[in-house]
Amino acid sequence: MLIRKSGSLASTIASSEITPQHTFDSFKQDRRRFLTGAAALGTAAIAASQLPAIFHPQQVLAASAPQYTVPDPQTPFSKASTYNNFYEFGTDKSEPAKNAHTLHTRPWTVQVDGLVKKPLTLDVDSIQRYRPLETRVYRHRCVEAWSMVIPWEGYSLSEFINFCQPLPSAKYVQFLSLADKKQMPELPGGYDWPYSEGLRLDEAMNPLALLTFGMYGNTLPNQNGAPIRVILPWKYGFKSAKSIVKFHFTDKQPHTLWNEIAPSEYGFYSNVNPTVDHPRWSQAHERRIDSSTFPHSIATLPFNGYADQVASLYNGMDLRKNY
Ligand code: MTE
(Lines give C-alpha, C1' and ligand atoms only; values in the text may rest on other atoms or scores of the structure.)
Protein backbone atom coordinates (compact mmCIF):
# COMPACT_ATOMS: atom_id res chain seq x y z
CA MET A 1 0.00 0.00 0.00
CA LEU A 2 2.63 2.46 -1.07
CA ILE A 3 0.82 4.54 -3.65
CA ARG A 4 0.92 8.26 -3.13
CA LYS A 5 -1.33 11.00 -4.37
CA SER A 6 -1.27 14.70 -3.70
CA GLY A 7 -3.90 15.85 -1.29
CA SER A 8 -4.56 18.21 1.52
CA LEU A 9 -4.27 17.71 5.23
CA ALA A 10 -7.84 17.91 6.48
CA SER A 11 -8.38 19.77 9.72
CA THR A 12 -9.11 17.79 12.85
CA ILE A 13 -12.33 18.01 14.82
CA ALA A 14 -12.79 20.65 17.45
CA SER A 15 -13.35 19.00 20.81
CA SER A 16 -15.03 21.93 22.50
CA GLU A 17 -18.63 20.75 22.39
CA ILE A 18 -18.72 17.38 24.04
CA THR A 19 -22.13 15.96 24.76
CA PRO A 20 -22.16 15.91 28.58
CA GLN A 21 -22.10 12.56 30.38
CA HIS A 22 -25.62 13.13 31.77
CA THR A 23 -26.95 13.59 28.23
CA PHE A 24 -25.34 10.34 27.20
CA ASP A 25 -26.79 8.69 30.30
CA SER A 26 -30.27 9.99 29.57
CA PHE A 27 -29.93 8.71 26.03
CA LYS A 28 -29.10 5.39 27.53
CA GLN A 29 -32.26 5.53 29.63
CA ASP A 30 -34.34 6.53 26.61
CA ARG A 31 -32.94 3.54 24.83
CA ARG A 32 -33.48 1.16 27.69
CA ARG A 33 -34.43 -1.62 25.33
CA PHE A 34 -30.76 -1.84 24.35
CA LEU A 35 -29.48 -1.86 27.90
CA THR A 36 -29.73 -5.53 28.66
CA GLY A 37 -26.44 -5.86 30.56
CA ALA A 38 -24.21 -8.88 30.88
CA ALA A 39 -26.59 -10.94 33.02
CA ALA A 40 -29.52 -10.50 30.69
CA LEU A 41 -27.32 -11.49 27.79
CA GLY A 42 -26.76 -14.79 29.57
CA THR A 43 -23.02 -14.20 29.62
CA ALA A 44 -20.56 -14.88 32.38
CA ALA A 45 -19.61 -11.56 33.87
CA ILE A 46 -16.18 -11.29 35.44
CA ALA A 47 -15.84 -9.33 38.66
CA ALA A 48 -14.56 -5.84 38.03
CA SER A 49 -11.70 -6.47 40.45
CA GLN A 50 -10.33 -9.15 38.09
CA LEU A 51 -10.13 -6.78 35.14
CA PRO A 52 -6.91 -5.16 34.04
CA ALA A 53 -6.82 -1.90 35.98
CA ILE A 54 -6.46 -0.04 32.75
CA PHE A 55 -10.13 -0.58 31.85
CA HIS A 56 -12.70 1.36 33.83
CA PRO A 57 -13.63 -0.26 37.13
CA GLN A 58 -17.29 -0.31 36.06
CA GLN A 59 -16.38 -2.04 32.81
CA VAL A 60 -17.76 -5.57 32.74
CA LEU A 61 -16.10 -8.19 30.61
CA ALA A 62 -18.59 -10.60 29.09
CA ALA A 63 -17.90 -14.01 27.58
CA SER A 64 -18.25 -13.95 23.84
CA ALA A 65 -20.27 -16.49 21.83
CA PRO A 66 -18.23 -19.34 20.28
CA GLN A 67 -18.65 -18.07 16.72
CA TYR A 68 -16.56 -15.06 17.70
CA THR A 69 -13.45 -17.01 18.60
CA VAL A 70 -11.31 -18.98 16.16
CA PRO A 71 -9.22 -21.91 17.43
CA ASP A 72 -6.09 -20.91 15.45
CA PRO A 73 -2.89 -20.30 17.46
CA GLN A 74 -2.73 -16.66 18.51
CA THR A 75 -0.13 -14.20 17.37
CA PRO A 76 2.04 -13.11 20.30
CA PHE A 77 1.31 -9.58 21.55
CA SER A 78 4.94 -8.66 20.89
CA LYS A 79 4.37 -9.22 17.15
CA ALA A 80 0.85 -7.81 16.90
CA SER A 81 2.03 -4.58 18.52
CA THR A 82 5.25 -4.07 16.55
CA TYR A 83 4.31 -5.03 12.98
CA ASN A 84 1.66 -2.49 12.12
CA ASN A 85 0.10 -0.46 9.37
CA PHE A 86 -0.68 3.00 10.74
CA TYR A 87 0.63 5.35 8.08
CA GLU A 88 -0.03 8.44 10.16
CA PHE A 89 2.98 7.31 12.23
CA GLY A 90 5.17 6.16 9.34
CA THR A 91 4.87 3.83 6.38
CA ASP A 92 7.30 1.16 7.58
CA LYS A 93 5.74 -1.65 9.65
CA SER A 94 8.09 -1.00 12.58
CA GLU A 95 7.50 2.76 12.74
CA PRO A 96 4.06 3.02 14.42
CA ALA A 97 5.35 1.19 17.54
CA LYS A 98 8.27 3.63 17.73
CA ASN A 99 6.36 6.82 16.92
CA ALA A 100 2.78 6.51 18.18
CA HIS A 101 3.64 7.51 21.76
CA THR A 102 2.94 11.10 20.63
CA LEU A 103 -0.78 10.31 20.26
CA HIS A 104 -2.87 11.63 23.19
CA THR A 105 -5.76 9.25 23.68
CA ARG A 106 -7.44 11.11 26.55
CA PRO A 107 -9.44 13.25 26.45
CA TRP A 108 -10.82 11.89 23.17
CA THR A 109 -14.07 12.89 21.58
CA VAL A 110 -16.01 11.15 18.86
CA GLN A 111 -18.50 12.90 16.62
CA VAL A 112 -21.63 11.25 15.26
CA ASP A 113 -23.13 13.20 12.39
CA GLY A 114 -24.83 13.08 8.99
CA LEU A 115 -28.11 11.21 8.65
CA VAL A 116 -28.82 10.63 12.35
CA LYS A 117 -31.72 11.69 14.53
CA LYS A 118 -29.44 14.00 16.51
CA PRO A 119 -25.75 14.73 15.89
CA LEU A 120 -23.65 14.02 18.98
CA THR A 121 -20.17 14.56 20.29
CA LEU A 122 -19.29 11.84 22.78
CA ASP A 123 -16.46 11.14 25.14
CA VAL A 124 -14.75 7.86 24.26
CA ASP A 125 -15.05 6.59 27.83
CA SER A 126 -18.85 6.91 27.62
CA ILE A 127 -18.84 4.87 24.45
CA GLN A 128 -16.56 2.25 25.99
CA ARG A 129 -18.78 1.93 29.07
CA TYR A 130 -21.98 1.62 27.04
CA ARG A 131 -21.73 -2.15 26.75
CA PRO A 132 -19.81 -4.96 28.43
CA LEU A 133 -16.64 -5.63 26.48
CA GLU A 134 -16.18 -9.11 25.06
CA THR A 135 -12.94 -10.78 24.07
CA ARG A 136 -13.14 -12.04 20.50
CA VAL A 137 -10.31 -13.92 18.86
CA TYR A 138 -10.42 -12.97 15.20
CA ARG A 139 -8.35 -13.71 12.12
CA HIS A 140 -6.86 -10.43 10.89
CA ARG A 141 -5.95 -10.62 7.17
CA CYS A 142 -4.04 -7.77 5.60
CA VAL A 143 -4.40 -7.04 1.88
CA GLU A 144 -0.61 -7.46 1.70
CA ALA A 145 -1.16 -11.23 2.22
CA TRP A 146 -0.01 -11.58 5.82
CA SER A 147 -2.32 -12.44 8.68
CA MET A 148 -2.45 -12.64 12.46
CA VAL A 149 -4.85 -14.03 15.06
CA ILE A 150 -5.64 -11.46 17.72
CA PRO A 151 -7.83 -11.34 20.83
CA TRP A 152 -9.66 -8.01 20.72
CA GLU A 153 -11.85 -6.40 23.40
CA GLY A 154 -14.98 -4.59 22.32
CA TYR A 155 -18.66 -4.96 21.59
CA SER A 156 -20.67 -5.23 18.38
CA LEU A 157 -20.60 -2.06 16.33
CA SER A 158 -24.32 -2.62 15.74
CA GLU A 159 -25.02 -1.73 19.38
CA PHE A 160 -23.32 1.63 18.99
CA ILE A 161 -25.02 2.25 15.64
CA ASN A 162 -28.39 1.60 17.24
CA PHE A 163 -27.45 4.11 19.90
CA CYS A 164 -26.61 6.66 17.18
CA GLN A 165 -30.12 6.34 15.72
CA PRO A 166 -29.40 6.63 11.99
CA LEU A 167 -32.32 7.88 9.91
CA PRO A 168 -34.04 5.42 7.55
CA SER A 169 -32.34 7.26 4.66
CA ALA A 170 -28.85 6.36 5.99
CA LYS A 171 -27.36 3.57 3.88
CA TYR A 172 -23.65 3.79 4.76
CA VAL A 173 -21.42 4.66 7.67
CA GLN A 174 -18.04 6.30 7.20
CA PHE A 175 -15.23 6.11 9.78
CA LEU A 176 -12.81 9.01 9.99
CA SER A 177 -9.54 8.76 11.87
CA LEU A 178 -7.64 11.52 13.61
CA ALA A 179 -5.24 13.50 11.43
CA ASP A 180 -3.25 15.92 13.55
CA LYS A 181 0.21 16.95 12.46
CA LYS A 182 1.06 17.96 16.04
CA GLN A 183 0.40 14.49 17.41
CA MET A 184 1.50 12.81 14.21
CA PRO A 185 4.70 14.52 13.18
CA GLU A 186 5.47 11.65 10.79
CA LEU A 187 2.17 12.16 8.91
CA PRO A 188 3.32 11.53 5.34
CA GLY A 189 2.43 13.93 2.55
CA GLY A 190 0.65 12.76 -0.57
CA TYR A 191 -2.33 11.12 1.14
CA ASP A 192 -5.82 12.48 1.43
CA TRP A 193 -5.95 12.64 5.23
CA PRO A 194 -7.79 11.96 7.41
CA TYR A 195 -7.80 8.19 6.93
CA SER A 196 -11.33 7.26 5.99
CA GLU A 197 -13.14 4.00 5.53
CA GLY A 198 -16.74 2.93 5.29
CA LEU A 199 -19.31 0.17 5.13
CA ARG A 200 -22.81 -0.35 3.87
CA LEU A 201 -25.03 -0.04 6.92
CA ASP A 202 -26.18 -3.67 6.77
CA GLU A 203 -22.53 -4.77 6.81
CA ALA A 204 -21.84 -2.53 9.78
CA MET A 205 -24.84 -4.04 11.59
CA ASN A 206 -23.50 -7.58 11.20
CA PRO A 207 -22.66 -8.76 14.74
CA LEU A 208 -19.11 -9.70 13.70
CA ALA A 209 -18.19 -6.04 13.19
CA LEU A 210 -16.47 -5.08 16.43
CA LEU A 211 -16.17 -1.65 18.00
CA THR A 212 -12.80 -2.17 19.61
CA PHE A 213 -11.12 -0.64 22.67
CA GLY A 214 -8.57 -3.28 23.64
CA MET A 215 -6.49 -6.27 22.71
CA TYR A 216 -4.89 -9.07 24.76
CA GLY A 217 -6.97 -8.02 27.77
CA ASN A 218 -5.68 -4.49 27.89
CA THR A 219 -6.45 -1.17 26.24
CA LEU A 220 -5.28 -0.82 22.64
CA PRO A 221 -1.67 0.25 22.23
CA ASN A 222 -1.55 3.53 20.33
CA GLN A 223 0.00 1.82 17.30
CA ASN A 224 -3.00 -0.54 17.10
CA GLY A 225 -5.51 2.30 16.91
CA ALA A 226 -6.17 3.56 20.43
CA PRO A 227 -8.50 4.57 21.86
CA ILE A 228 -11.24 3.33 19.52
CA ARG A 229 -11.20 1.50 16.20
CA VAL A 230 -13.26 -0.98 14.25
CA ILE A 231 -12.35 -4.58 13.45
CA LEU A 232 -14.03 -6.19 10.43
CA PRO A 233 -12.55 -9.68 10.30
CA TRP A 234 -14.06 -10.79 6.98
CA LYS A 235 -12.48 -7.84 5.16
CA TYR A 236 -8.90 -6.88 4.38
CA GLY A 237 -7.35 -5.08 7.32
CA PHE A 238 -7.31 -1.64 5.72
CA LYS A 239 -11.11 -1.43 6.16
CA SER A 240 -10.58 -1.48 9.95
CA ALA A 241 -9.97 2.21 10.62
CA LYS A 242 -7.93 3.18 13.68
CA SER A 243 -8.15 6.05 16.19
CA ILE A 244 -11.62 7.08 15.03
CA VAL A 245 -12.90 10.60 15.69
CA LYS A 246 -16.05 10.55 13.60
CA PHE A 247 -18.88 8.23 12.53
CA HIS A 248 -20.64 9.84 9.58
CA PHE A 249 -23.94 8.39 8.34
CA THR A 250 -24.78 8.97 4.69
CA ASP A 251 -27.00 7.82 1.84
CA LYS A 252 -24.10 7.65 -0.63
CA GLN A 253 -21.13 5.31 -0.78
CA PRO A 254 -18.56 7.27 1.21
CA HIS A 255 -15.08 8.40 0.27
CA THR A 256 -12.44 5.94 1.47
CA LEU A 257 -8.75 6.76 1.39
CA TRP A 258 -7.36 3.67 -0.35
CA ASN A 259 -10.25 3.32 -2.78
CA GLU A 260 -9.72 6.91 -3.94
CA ILE A 261 -5.98 6.43 -4.31
CA ALA A 262 -6.14 3.19 -6.31
CA PRO A 263 -9.67 1.99 -7.06
CA SER A 264 -8.43 -0.91 -9.19
CA GLU A 265 -6.39 -2.23 -6.24
CA TYR A 266 -8.55 -1.43 -3.21
CA GLY A 267 -12.26 -1.92 -3.76
CA PHE A 268 -14.94 -0.46 -1.53
CA TYR A 269 -15.99 -3.92 -0.36
CA SER A 270 -12.58 -5.54 0.05
CA ASN A 271 -13.96 -8.79 1.37
CA VAL A 272 -11.19 -11.35 1.77
CA ASN A 273 -11.41 -13.39 -1.43
CA PRO A 274 -8.75 -15.94 -2.44
CA THR A 275 -10.14 -16.05 -6.00
CA VAL A 276 -9.72 -12.35 -6.75
CA ASP A 277 -6.07 -11.40 -6.86
CA HIS A 278 -4.71 -7.97 -6.10
CA PRO A 279 -3.45 -6.66 -9.48
CA ARG A 280 0.13 -6.95 -8.20
CA TRP A 281 0.01 -10.19 -6.18
CA SER A 282 -2.03 -13.31 -5.45
CA GLN A 283 -4.55 -13.41 -2.61
CA ALA A 284 -4.78 -17.23 -2.63
CA HIS A 285 -2.38 -17.63 0.31
CA GLU A 286 -1.25 -15.64 3.31
CA ARG A 287 1.77 -15.59 5.57
CA ARG A 288 0.40 -16.39 9.03
CA ILE A 289 2.30 -14.56 11.73
CA ASP A 290 1.77 -16.59 14.90
CA SER A 291 4.00 -17.95 17.61
CA SER A 292 6.21 -19.92 15.22
CA THR A 293 9.59 -18.40 14.50
CA PHE A 294 8.85 -17.72 10.83
CA PRO A 295 5.53 -16.88 9.18
CA HIS A 296 4.21 -19.91 7.31
CA SER A 297 2.04 -19.93 4.23
CA ILE A 298 -1.57 -21.07 4.55
CA ALA A 299 -4.49 -21.05 2.12
CA THR A 300 -6.72 -17.98 2.42
CA LEU A 301 -10.38 -18.71 3.10
CA PRO A 302 -13.32 -16.92 1.45
CA PHE A 303 -14.44 -14.09 3.72
CA ASN A 304 -11.41 -14.99 5.86
CA GLY A 305 -13.29 -18.04 7.17
CA TYR A 306 -16.39 -16.08 8.23
CA ALA A 307 -18.56 -16.97 5.21
CA ASP A 308 -21.30 -18.54 7.34
CA GLN A 309 -21.77 -15.26 9.14
CA VAL A 310 -21.45 -12.75 6.30
CA ALA A 311 -21.79 -14.30 2.82
CA SER A 312 -25.54 -13.62 2.72
CA LEU A 313 -24.82 -9.87 2.84
CA TYR A 314 -23.58 -10.18 -0.73
CA ASN A 315 -26.24 -12.44 -2.24
CA GLY A 316 -26.75 -11.61 -5.89
CA MET A 317 -23.59 -9.51 -6.13
CA ASP A 318 -20.74 -10.28 -8.51
CA LEU A 319 -17.81 -10.38 -6.10
CA ARG A 320 -15.30 -10.13 -8.94
CA LYS A 321 -16.72 -6.75 -9.87
CA ASN A 322 -17.50 -5.70 -6.30
CA TYR A 323 -14.04 -6.66 -5.01
N1 MTE B 1 -6.22 3.13 10.15
C2 MTE B 1 -5.56 4.29 10.04
N3 MTE B 1 -6.08 5.40 10.60
N4 MTE B 1 -4.38 4.40 9.38
C5 MTE B 1 -3.81 3.31 8.76
O6 MTE B 1 -2.73 3.45 8.14
N7 MTE B 1 -3.98 0.93 8.26
C8 MTE B 1 -4.96 -0.14 7.96
C9 MTE B 1 -5.86 -0.43 9.16
N10 MTE B 1 -6.35 0.81 9.74
C11 MTE B 1 -4.47 2.07 8.86
C12 MTE B 1 -5.68 2.01 9.60
C13 MTE B 1 -4.30 -1.37 7.54
S14 MTE B 1 -3.63 -1.36 5.97
C15 MTE B 1 -4.28 -2.48 8.30
S16 MTE B 1 -3.69 -3.99 7.68
C17 MTE B 1 -4.73 -2.46 9.71
O18 MTE B 1 -5.14 -1.17 10.14
C19 MTE B 1 -3.58 -2.90 10.59
O20 MTE B 1 -4.00 -3.02 11.93
P21 MTE B 1 -2.95 -3.50 13.03
O22 MTE B 1 -1.74 -2.64 12.92
O23 MTE B 1 -3.64 -3.36 14.36
O24 MTE B 1 -2.62 -4.94 12.72
Side-chain angles (χ1 to χ4, degrees), residues 1-4 9-10 12-13 74-100 103 105 108 110 136-154 174-180 183-184 186-188 190-199 209-216 218-247 255-262 265-267 270 272 278 283 286-290 295 304:
M1 308 189 77
L2 280 165
I3 295 164
R4 288 170 187 241
L9 180 68
T12 54
I13 296 162
Q74 290 180 23
T75 301
F77 174 79
S78 58
K79 291 186 181 170
S81 59
T82 56
Y83 189 80
N84 301 105
N85 277 330
F86 199 168
Y87 273 30
E88 291 88 327
F89 292 102
T91 55
D92 188 89
K93 301 272 178 292
S94 63
E95 286 181 302
K98 289 181 199 139
N99 297 333
L103 179 69
T105 58
W108 187 278
V110 175
R136 296 185 180 183
V137 183
Y138 279 163
R139 298 189 191 96
H140 182 55
R141 169 65 157 82
C142 184
V143 73
E144 296 158 325
W146 52 265
S147 64
M148 298 189 188
V149 178
I150 297 181
W152 304 103
E153 271 78 39
Q174 184 186 31
F175 315 111
L176 293 138
S177 300
L178 181 75
D180 178 5
Q183 295 182 63
M184 299 164 161
E186 320 296 327
L187 196 74
Y191 293 90
D192 191 10
W193 305 114
Y195 196 93
S196 55
E197 260 308 335
L199 296 174
L210 192 69
L211 190 62
T212 308
F213 306 90
M215 60 194 272
Y216 298 85
N218 220 322
T219 51
L220 286 169
N222 289 357
Q223 61 269 29
N224 290 90
I228 179 171
R229 71 177 295 182
V230 287
I231 292 292
L232 311 163
W234 72 101
K235 291 181 177 280
Y236 294 120
F238 69 88
K239 296 292 293 179
S240 297
K242 296 179 167 181
S243 304
I244 295 174
V245 291
K246 188 190 279 197
F247 292 82
H255 164 100
T256 69
L257 182 137
W258 285 110
N259 183 244
E260 296 259 322
I261 289 178
E265 303 196 7
Y266 309 111
S270 282
V272 174
H278 185 280
Q283 293 292 21
E286 63 204 56
R287 283 181 303 116
R288 173 61 59 83
I289 301 171
D290 56 19
N304 206 18

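Indexing begins at 1, ligand by ligand and atom by atom, following the structure's order.
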Aromatic contact, Tyr236 with Trp258 (centres under 6.0 Å):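 Judged by ring-centre distance (under 6.0 Å), Tyr236 and Trp258 do not meet the cut-off.
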Atom indices of ligand 1, in the order listed, that fall short of 4.0 Å to a heavy atom of [X]:
X      : result
Phe86  : 2 (C), 3 (N), 4 (N), 5 (C), 6 (O)
Tyr87  : 5 (C), 6 (O)
Cys142 : 16 (S)
Ser177 : 3 (N)

Roughly how far apart are Asn84 CG and Gln223 CD, rounded to 0.5 Å?
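Nearest 0.5 Å value for the CG-CD distance: 5.5 Å.
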Is there a heavy atom of Met148 sitting under 4.0 angstrom from any atom of ligand 1?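 Met148 does not count as a contact of ligand 1 under the 4.0 Å cut-off.
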For [X] and [Y], work out which heavy atoms get closest and say how close.
X      : Y      : result
Ala226 : Thr105 : CB-CG2, 3.8 Å
Ala80  : Met215 : CB-CE, 3.8 Å
Gly225 : Leu220 : O-CD1, 3.7 Å
Asn222 : Leu103 : ND2-O, 3.3 Å

Counting only nitrogen or oxygen atoms and a 3.5 angstrom limit, does [X] reach ligand 1?
X      : result
Trp152 : no
Gln223 : no
Tyr83  : no
Trp258 : no

Examine the proximity of ligand 1 to [X] and report which part, side chain or backbone, both or neither, has a heavy atom under 4.0 Å away.
X      : value
Glu88  : side chain
Tyr195 : side chain
Glu144 : neither
Ser240 : backbone

Distance-only polar pair, side chains of Lys93 and Asn85, donor-acceptor under 3.5 Å:
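A donor-acceptor contact under 3.5 Å links the two side chains.
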In the structure I gave you, are the side-chain heavy atoms of Tyr266 and His278 within less than 4.5 Å of one another anywhere?
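The answer is yes, as the side chains (C-beta and beyond) meet within the 4.5 Å cut-off.
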Just to verify, what does Gln283 make a side chain to side chain donor-acceptor pair (under 3.5 Å) with, not counting sequence neighbours?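 For Gln283 the side chain to side chain donor-acceptor pair (under 3.5 Å) partners, ignoring immediate neighbours, are Arg141.
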